[in-house]
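This report concerns only the one structure given below.
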Amino acid sequence: MFKRLSNVNSEMSDLRHKKNVRGKSIGWDWDLLPYTIKEGCTTYIGAAPASGKTELWFEFLINLSCIHGWNHVVFSPETGSAAEIFAELCYKYIGKPYTLGENSMTQGEQIRAEMFIDKHFIVVDPIDEDLTLQGFYNLVDEIERKEEITIHTTTIDPWNELTEEFIQSDLGREDKYLSRILGIARKNARKTNRHNCIINHVRDQTPVTKELFSGEQVTYFPPPSARDFAGGQVWFRKGLCVLIPWRPPYGLK
């Protein structure tokens, strides 16, 4: 399909008169984190284990529901069972642990959290194995039809939990496979006007040793780059937005 400018006059007019081309606010101050979430786009998050990738993204999703009323489909086997994922989301919504203890949420807060999370979140149970990328997006379409709701974001966490689907043109090469499959993620976001997030690990890094303010030595993994994503820099080339959370060792100079 090809177009002339005259074929998209109305879209051109909309673009010219747009005052704000940013996406939806995540509720954080722009100076603190200059990031918004646009419908029809993608975000790729990559970092070492225990860097807070999932925690950060769940915070964003909660805020998107609170501020904009957005609905989400989450596939996050590493977080736990569906019940454990819902409990974690309730924790983030209230700001207190879901499980009973000294500082846990009250029964009233529990009911309020469960009602809110049930309204805005659907979890793909990790028991659903052999789920390919296209199979996941087909499932999201089915959820929209059956539940009669609009899904605004999808989350795959982590990428390696999906079943790979190589085809002949991939030539058995991971870079060619990733280039094609991440193109599907981007096209799906644009076609459905959803925001598709994929969370990934980084490949093996070489640890570094530096001095703390206390004078002690600490060995840690340095901040990764987008080229350090597992699978290589195809992620960097295909990503519309890439986030890399990093936890520096406490006391590092």
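- Nearest approach of Thr206 to Pro222, heavy atoms of both residues: O-CD, 3.6 Å.
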(message) Would Phe121 and Asn71 count as a side chain to side chain contact (heavy atoms under 4.5 Å, CB included) here? Give the steps.
(response) CA-CA 6 Å; Phe121 288 84; Asn71 303 317; over 6 Å; no

(request) Would you sort out whether Asn138 and Gln134 count as a side-chain hydrogen bond (donor to acceptor under 3.5 Å, both in side chains), showing the intermediate values? (result) CA-CA 6 Å; Asn138 290 343; Gln134 190 59 61; 3.1 Å; yes

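- Rounded to the nearest 0.5 angstrom, Thr192 OG1 and Lys187 NZ are separated by 14.0 Å.
- Centroid-to-centroid, the aromatic rings of Tyr177 and Phe166 come within less than 6.0 Å.
- When every heavy atom of Ile67 is checked against every heavy atom of Ile26, the shortest pair comes out as CD1-C, 4.1 Å.
- If you check the side chains of Tyr98 and Glu109, you find no donor sitting under 3.5 Å from an acceptor.
- Formation of a donor-acceptor pair under 3.5 Å by the Ser25 side chain with backbone atoms of Gly27 is found in this model.
- We find the NE2-SG distance between His195 and Cys197 to be 6.5 Å, quoted to the nearest 0.5 Å.
- No donor-acceptor pair under 3.5 Å is formed between the side chain of Lys146 and the backbone N or O of Asp141.
- Distance alone, capped at 3.5 Å, places no donor-acceptor pair between the Asp228 side chain and the Arg203 backbone.
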(request) Take Ile151 and Trp70 through the side chain to side chain contact (heavy atoms under 4.5 Å, CB included) test and state the conclusion after the steps. (result) CA-CA 7 Å; Ile151 299 300; Trp70 276 18; over 6 Å; no

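- The aromatic ring centroids of Phe60 and Tyr35 lie less than 6.0 Å from each other.
- In this structure, Asp157 contributes its side chain and Ile199 its backbone to no donor-acceptor pair below 3.5 Å.
- Residue Pro224 comes nearest to Ile244 through the heavy atom pair CG-CG2, 3.5 Å, listed as atom of the first residue, atom of the second, then distance.
- Note: His72 NE2 to Thr153 OG1 = 5.0 Å, rounded to the nearest 0.5 Å.
- The 12-atom threshold is exceeded at CG of Asp29, counting heavy atoms of other residues, nucleotides or ligands nearer than 6.0 Å.
- Of all heavy-atom pairs spanning Arg247 and Ala50, the tightest one is NE-O, 3.3 Å.
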(request) Could you give me the CA-CA distance, side-chain angles and deciding distance for Arg194 and Glu144, then say whether salt bridge (Lys or Arg N to Asp or Glu O under 4.0 Å) is met? (result) CA-CA 12 Å; Arg194 300 184 193 124; Glu144 281 196 326; 3.1 Å; yes

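- Put simply, the side chain of Ser225 gets close to the backbone of Arg227: a donor and an acceptor are under 3.5 Å apart.
- Remark: the Thr79 side chain and the Thr54 side chain contain no N/O donor-acceptor pair separated by less than 3.5 Å.
- Nearest approach of Leu252 to Val218, heavy atoms of both residues: CD1-CG1, 4.2 Å.
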(request) Quick one: do Asn103 and Lys96 satisfy side chain to side chain contact (heavy atoms under 4.5 Å, CB included)? Show the steps, please. (result) CA-CA 7 Å; Asn103 299 312; Lys96 298 178 184 178; over 6 Å; no

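- The closest donor-acceptor contact from the side chain of Glu84 to the backbone of Ser81 lies under 3.5 Å.
- The minimum heavy-atom distance between Pro245 and Ile45, with the atom names listed, is CD-CG2, 3.8 Å.
- No single ILVMFWY cluster, assembled from side-chain heavy atoms under 4.5 Å apart, contains both Tyr91 and Ile94.
- Side-chain atoms of Ser104 come within 3.5 Å of backbone atoms of Gly101 as a donor-acceptor pair (strictly under, hydrogens ignored).
- A donor-acceptor contact under 3.5 angstrom links the side chains of Thr155 and Trp57, judged on distance only.
- The structure places CD1 of Ile156 at 9.5 Å from OH of Tyr44, a figure rounded to the nearest 0.5 Å.
- Distance alone, capped at 3.5 Å, places no donor-acceptor pair between the His68 side chain and the Leu64 backbone.
- Within a 6.0 Å radius of CD in Gln107, no more than 12 heavy atoms belonging to other residues, nucleotides or ligands are found.
- A distance of 5.5 Å separates SG in Cys90 from CE in Met105, rounded to the nearest 0.5 Å.
- For Trp159 (side chain) and Ala230 (main-chain N/O), no donor-acceptor pair under 3.5 Å exists by modelled atom type.
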(message) side-chain hydrogen bond (donor to acceptor under 3.5 Å, both in side chains), that's the test. Do Gln205 and Tyr220 meet it? Break it down for me.
(response) CA-CA 10 Å; Gln205 293 178 277; Tyr220 63 96; over 6 Å; no

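- Between the side chain of Asp118 and the backbone N or O of Met115 there is no donor-acceptor pair closer than 3.5 Å.
- Atom OG1 of Thr154 sits about 12.0 Å away from atom CZ of Phe75, to the nearest 0.5 Å.
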(request) Would you sort out whether Thr163 and Leu131 count as a side chain to side chain contact (heavy atoms under 4.5 Å, CB included), showing the intermediate values? (result) CA-CA 6 Å; Thr163 299; Leu131 194 61; 5.6 Å; no

